[in-house]
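In what follows, residues are counted from 1 in the order of the sequence shown.
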Amino acid sequence: MGRGDLTNAEWARLKPHLPSTGQRGGRWTSHRKVINGILFRQRTGIPWRDLPTRFGSWKTVYERHRRWSADGTWDRILRAVQADADAEGRIDWSMVSVDSTSCRAHQHAAGARRKGTPRSEKRTTPRQHRPDEGLGRSRGGLTCKIHLAGEGGRRPLALLITPGQWGDAPQLVPVLERIRVARPGGGHPRTRPDHLAGDKAYSSRRNRRYLRRRHIKHTIPEPRNQRVNRQRRGSKGGRPAGFDKTLYKRRNEVERTINRLKSSRAVATRYDKRAYVFHGTVTLAAIRLWLRD
């Protein structure tokens with residue numbers, strides 16, 4: 001077992017949720033070796049062609065990662081390991097925080113084909129496909145942004161990839177709608193945390209109405225301009241938003257979650273041309289956090 005490979009404990013948690021092996025043509029053989037190769041590239045950020053030979057053919061490793069990113073296999077595995085953690089009581093639902101982080105896109109992440117080739121047109125649309133490929137242009141160049149909701153144990157519950165110039169407030173609802181943790185006894189999955197925390201960027205009437213409608217208690221500071229505008233309108237401006245300084249201190253948990261995700265070089269810097277492949281890369285980094293004790 002090499003540095004950064006799956007440990008025996010991590011493999012025991014991951015193996016039951018992988019696609020079955022031994023299919024026609026031996027398509028899904030050697031899951032552990034291939035996944036270790038994907039993790040090696042994710043941790044180091046090297047080009048796929050430069051993978052060490054101990055992981056087998058680089059083409060096999062890349063194609064499996066691309067296929068599982070396109071058909072949603074990584075997303076299903078993430079939900080499965082989250083359900084296992086919830087059954088063991090390892091999810092801290094008392095405080096879920098939302099935040100975003102910008103990732104600089106490498107020059108190799110640009111230049112994806114806008115028109116599909118005859119071969120690609122025969123395939124189904126990938127699960128996390130985006131026409132804009134999740135790339136935005138700013139003064140610093142091409143960037144993308146990862147929006148996520150993290151639980152108290154510093155692990156992601158849901159994530160979303162957008163271009164780098166997109167704001168945080170409009171993505172609060174889409175991120176929370178992606179939280180779906182299956183219950184061990186069956187029934188509807190859990191989608192609602194006990195409390196939600198976010199910074200000033202998430203303060204908006206739309207977000208607060210959404211949280212009240214779903215009966216989610218929240219701690220989001222009100223920016224000064226919104227506070228002044230509300231006071232100027234008098235009674236029509238509504239009541240001031242509640243804010244608990246003690247609970248707000250726990251918002252650092254999601255920032256520490258982001259730091260753990262971006263310890264992978266292929267997450268901190270985007271090298272993938274396609275948005276759905278980069279989404280799979282970030283999802284795999286999140287799965288690795290859930291597999292650890």
Can you sort out the partners of Arg214 under side-chain hydrogen bond (donor to acceptor under 3.5 Å, both in side chains), two or more places apart, ordered by chain and number? Thr191, Tyr210

In Å, rounded to the nearest 0.5 Å, how long is the span from CD1 of Ile179 to CZ of Arg79? 13.0 Å

For Arg43, salt bridge (charged side-chain N to carboxylate O under 4.0 Å, His left out) partners two or more places apart: none

Do side-chain atoms of Lys273 reach the backbone of Ala112 as a donor and acceptor pair under 3.5 angstrom? no

Start with the C-alpha gap between Ile216 and Val96, add the side-chain angles, then the distance that decides, and say whether side chain to side chain contact (heavy atoms under 4.5 Å, CB included) holds. CA-CA 11 Å; Ile216 299 177; Val96 171; over 6 Å; no

side-chain hydrogen bond (donor to acceptor under 3.5 Å, both in side chains) partners for Asp199, two or more places apart: none

For the backbone of Val181 and the side chain of Gln82, can you confirm whether one donor and one acceptor N or O come within less than 3.5 Å of each other? no

How about Arg180: does its CZ atom have over 12 heavy atoms from other parts shown lying under 6.0 Å from it? no

Any chance the rings of His279 and Trp74 have centres within less than 6.0 Å? no

Scanning both residues in full, the closest heavy-atom pair of Asp92 with Gly153 reads CB-N, 4.0 Å

Between Phe55 and Ile35, is there a side-chain heavy-atom distance shorter than 4.5 Å? no

Is there a donor in the side chain of Arg250 and an acceptor in the side chain of Ser94, or the other way round, less than 3.5 Å apart? yes

Decide whether Lys145 and Thr101 meet the rule of one side-chain donor and one side-chain acceptor closer than 3.5 Å. no

Should the pair Arg41-Asp272 be classified as a salt bridge under the 4.0 Å nitrogen-to-oxygen rule? yes

Report the C-alpha distance between Thr162 and Leu160 in whole Å, list the side-chain angles of each, state the deciding distance to 0.1 Å, and finish with yes or no for side chain to side chain contact (heavy atoms under 4.5 Å, CB included). CA-CA 7 Å; Thr162 66; Leu160 177 67; 4.0 Å; yes

Tell me whether Lys217 at atom NZ has more than 12 heavy atoms from other residues, nucleotides or ligands lying less than 6.0 Å away. no

Any link between Leu211 and Phe243 through a network of hydrophobic side chains (Ile, Leu, Val, Met, Phe, Trp, Tyr) touching at under 4.5 Å? no

Using only heavy-atom distances, determine whether the side chains of Thr73 and Arg76 contain a donor-acceptor pair under 3.5 Å. yes

Please list, chain by chain and in numerical order, all residues satisfying side-chain contact (heavy atoms from CB on, under 4.5 Å) with Ala85, sequence neighbours excluded. Arg90, Ile91, Trp290

Side-chain donor/acceptor of Ser263 to backbone N/O of Arg260, under 3.5 Å: yes

Mind checking side-chain contact (heavy atoms from CB on, under 4.5 Å) for Ala182 and listing every partner two or more places apart, or none if nothing turns up? Ala83

Using a strict threshold of under 4.0 Å (side-chain N to carboxylate O), is an ion pair present between Glu133 and Arg274? yes

Residue pairs passing the salt bridge (charged side-chain N to carboxylate O under 4.0 Å, His left out) test where at least one lies in residues 148-167, sequence neighbours excluded: Glu151-Arg155

If we only count heavy atoms from C-beta on, is the Ile38 to Tyr62 side-chain gap below 4.5 Å? no

Heavy-atom pair with the smallest gap, counting every atom of Gly37 and Val61: C-CG1, 3.8 Å

If you apply the rule side chain to side chain contact (heavy atoms under 4.5 Å, CB included), what do you find for Leu18 with Leu14, and how did you get there? CA-CA 7 Å; Leu18 296 176; Leu14 179 63; 4.1 Å; yes

Are Leu196 and Tyr248 joined in one hydrophobic group, where the rule is that I, L, V, M, F, W and Y side chains link up if heavy atoms are under 4.5 Å apart? no

Side-chain donor-acceptor pair under 3.5 Å between Asp86 and Trp93, yes or no? yes

Find out whether Phe278 and Leu135 are in side-chain contact, i.e. whether some heavy atom of one side chain is under 4.5 Å from a heavy atom of the other. no

Any side-chain heavy-atom pair from Arg178 and Leu157 closer than 4.5 angstrom? no

If you look at every heavy atom in Pro156 and Leu261, which pair is closest and at what distance? CG-CD1, 3.9 Å

Any side-chain heavy-atom pair from Arg205 and Arg209 closer than 4.5 angstrom? yes

For Lys200, enumerate each residue passing the side-chain contact (heavy atoms from CB on, under 4.5 Å) test, keeping only those at least two apart in sequence or located in another chain. Pro221, Pro223

I want to check something: taking the side chain as every heavy atom from C-beta on, are Thr281 and Tyr276 in contact at a cut-off of under 4.5 Å? no

Can you give me the closest heavy-atom contact between Ser97 and Met95, atom names plus distance? OG-CG, 4.0 Å

Is there a continuous path of hydrophobic side-chain contacts, each under 4.5 Å between heavy atoms, that joins Val267 to Leu39? no

May I have the step-by-step check of side chain to side chain contact (heavy atoms under 4.5 Å, CB included) for Ile146 and Lys262, ending in yes or no? CA-CA 11 Å; Ile146 304 174; Lys262 297 183 80 170; 5.8 Å; no

Where the side chain of Ser57 meets the backbone of Lys59, is there a donor-acceptor pair that is under 3.5 Å apart? yes

Side chain to side chain contact (heavy atoms under 4.5 Å, CB included) test vs Leu148 passes for just one of Ile258, Ile161, Val175, namely Ile258

For Arg208, which residues count as a salt bridge (charged side-chain N to carboxylate O under 4.0 Å, His left out) partner, sequence neighbours excluded? none

Minimal heavy-atom distance between Leu78 and Val81, with the atoms involved, is O-CG2, 3.1 Å

Hydrophobic clustering (ILVMFWY, side-chain heavy atoms < 4.5 Å, transitive) - are Phe40 and Trp68 grouped together? yes

Please list, one pair per line, the donor and acceptor atoms closer than 3.5 Å that link side chains of residues 2-9 to other protein atoms, with sequence neighbours excluded.
| residue | atom | partner | partner atom | Å |
| --- | --- | --- | --- | --- |
| Asp5 | OD2 | Gly2 | N | 2.8 |
| Asp5 | OD2 | Arg54 | NH1 | 3.1 |
| Thr7 | OG1 | Glu10 | N | 3.2 |
| Asn8 | OD1 | Arg32 | NH2 | 3.0 |

Any chance you could lay out the ring pair (Phe, Tyr, Trp, His ring centres under 6.0 Å) test for His65 and Trp48, step after step, and finish with the verdict? CA-CA 11 Å; His65 176 58; Trp48 290 101; 5.7 Å; yes

Set of residues satisfying side-chain contact (heavy atoms from CB on, under 4.5 Å) with respect to Thr143, sequence neighbours excluded: Arg104, Ser138

Are Val277 and Tyr271 connected into the same hydrophobic cluster when the rule is that any two of I, L, V, M, F, W, Y join if their side-chain heavy atoms are below 4.5 Å apart? no

Do the non-hydrogen side-chain atoms of Arg251 and Asp99 ever get within less than 4.5 Å of each other? yes

Side chains of Arg183 and Arg190 in contact at under 4.5 Å (non-hydrogen atoms): yes

Between His17 and Lys15, is there a donor-acceptor pair closer than 3.5 Å when you use the side chain of the first and the backbone of the second? no

Name all residues meeting the side-chain hydrogen bond (donor to acceptor under 3.5 Å, both in side chains) criterion together with Arg13; count only those two or more places apart in sequence or in a different chain, and write none if there are none. Asp293

Partners meeting ring-ring contact (aromatic ring centres under 6.0 Å, His included) with His108 (sequence neighbours left out): His106

